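Position 1 is the first residue of the sequence; numbering continues from there. All of these numbers come straight from a predicted model, not from anything done at the bench. When a ligand or atom number is given, it counts from 1 through the structure's own listing order.
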Amino acid sequence: MSAVRNKYRKITTKVLVEMKAKGEKIAMLTAYDYTMAKIVDRAGIDIILVGDSASNVMAGHNTTLPITLDQMIYHASSVIRAIERCLVVVDLPFGSYQGNSRSALDSAIRIMKESRGHSVKMEGGEEIAESVSRVLSAGIPVMGHLGLTPQSIYKFGSYTVRAKGDEEANKLKSDALLLEKLGCFAVVLEKVPALLAKEVADSLTIPVIGIGAGDGVDGQVLVTHDMLGMTHEFSPRFLRRYLDLYREMGDAFKRYITDVKARDFPNKTEQY
Ligand code: KIV
């Protein structure tokens with residue numbers, strides 16, 4: 001077992017806040033299925049995010065908007081069956097919490113009961129404060145998400161860096177403080193300037209997990225399929241690819257096809 005896994009037997013929201021206080025960085029990745037979640041958990045990850053990016057990565061949609069609550073529950077319950085140590089955060093999908101705190105609570109309760117996830121993530125600040133409070137009041141841990149919030153992509157119009165101007169940066173800072181005050185256990189900051197992200201992280205006692213938010217935050221998150229190089233359609237600056245699985249898997253599939261066509265597979269030892 002790795003040193004990373006040894007240090008904390010089980011990651012809870014409390015452990016994450018302790019990690020920030022001790023200056024220990026938090027590592028988070030996405031997973032949407034049992035097999036991937038098992039590999040990621042056993043490697044020693046602190047948090048698995050069952051992201052609504054499943055809408056893009058697993059289902060091939062252009063945005064995260066189409067994924068449903070039932071589909072998120074399916075993905076999350078597959079992940080939960082695999083994990084031993086990490087904390088599992090499940091995205092509340094678009095349309096399941098905005099504008100109506102009662103439906104936010106119903107959606108979060110369904111996620112917790114039906115998938116057995118450990119917490120939920122919600123995109124937005126002041127405009128969803130009532131929904132965040134209501135979910136928290138049921139004892140469900142909430143991770144906030146500010147900056148580039150992909151569920152609002154049609155409002156933004158593009159996936160470019162957010163909060164470059166003073167007005168948006170000031171709103172982001174006050175939204176982050178509000179989410180902490182409401183009781184969120186962590187906040188994701190997506191695609192914002194590194195200096196702003198550091199300022200936000202320094203102003204909060206809860207961890208700030210960045211994606212494209214620089215090195216001054218308390219932890220990092222990437223979409224697993226992107227960092228493994230399984231996806232290849234885009235290359236944002238913040239994405240470090242640890243493998244080139246698109247090529248390696250393609251090569252393996254080509255070799256298999258060649259072997260089958262050449263009657264090389266199966267050979268005499270690969271049959272009964
Ligand atoms: O859905 C997702 O994968 C996310 C991360 C990009 C933070 O929200």
Count the heavy atoms belonging to other residues, nucleotides or ligands that lie under 6.0 Å from NZ of K22, then report whether that count exceeds 12.
->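 Count over threshold, so yes.
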
Please tabulate, one pair per line, all N/O donor-acceptor pairs under 3.5 Å involving side-chain atoms of residues 57-65, not counting sequence neighbours.
from	atom 1	to	atom 2	distance (Å)
T63	OG1	L65	N	3.2

Is a side-chain N or O of S119 found less than 3.5 angstrom from the main chain of V90, in a donor-acceptor match?
->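 Between the backbone of V90 and the side chain of S119 there is no qualifying donor-acceptor contact (under 3.5 Å).
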
Please tabulate, one line per pair, the protein N or O atoms found under 3.5 Å from any N or O atom of ligand 1, giving the distance to one decimal.
from	atom 1	to	atom 2	distance (Å)
ligand 1	1 (O)	D52	N	3.2
ligand 1	1 (O)	D52	OD1	3.0
ligand 1	1 (O)	S53	N	3.1
ligand 1	1 (O)	S53	OG	3.2
ligand 1	1 (O)	D91	OD2	3.1
ligand 1	3 (O)	S53	OG	2.5
ligand 1	8 (O)	K121	NZ	2.9

Donor-acceptor pairs under 3.5 Å, side chain of residues 181-194 to any protein atom, not counting sequence neighbours: which ones?
from	atom 1	to	atom 2	distance (Å)
E190	OE1	H145	NE2	2.9
K191	NZ	Y159	O	2.7

Sequence neighbours excluded, which residues qualify as salt bridge (Lys or Arg N to Asp or Glu O under 4.0 Å) partners of E130?
->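 In terms of salt bridge (Lys or Arg N to Asp or Glu O under 4.0 Å), with neighbours along the sequence ignored, E130 is linked to no residue.
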
Identified side-chain hydrogen bond (donor to acceptor under 3.5 Å, both in side chains) counterpart of D91 within the set H75, Q151, K121 =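 Answer after filtering H75, Q151, K121: K121.
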
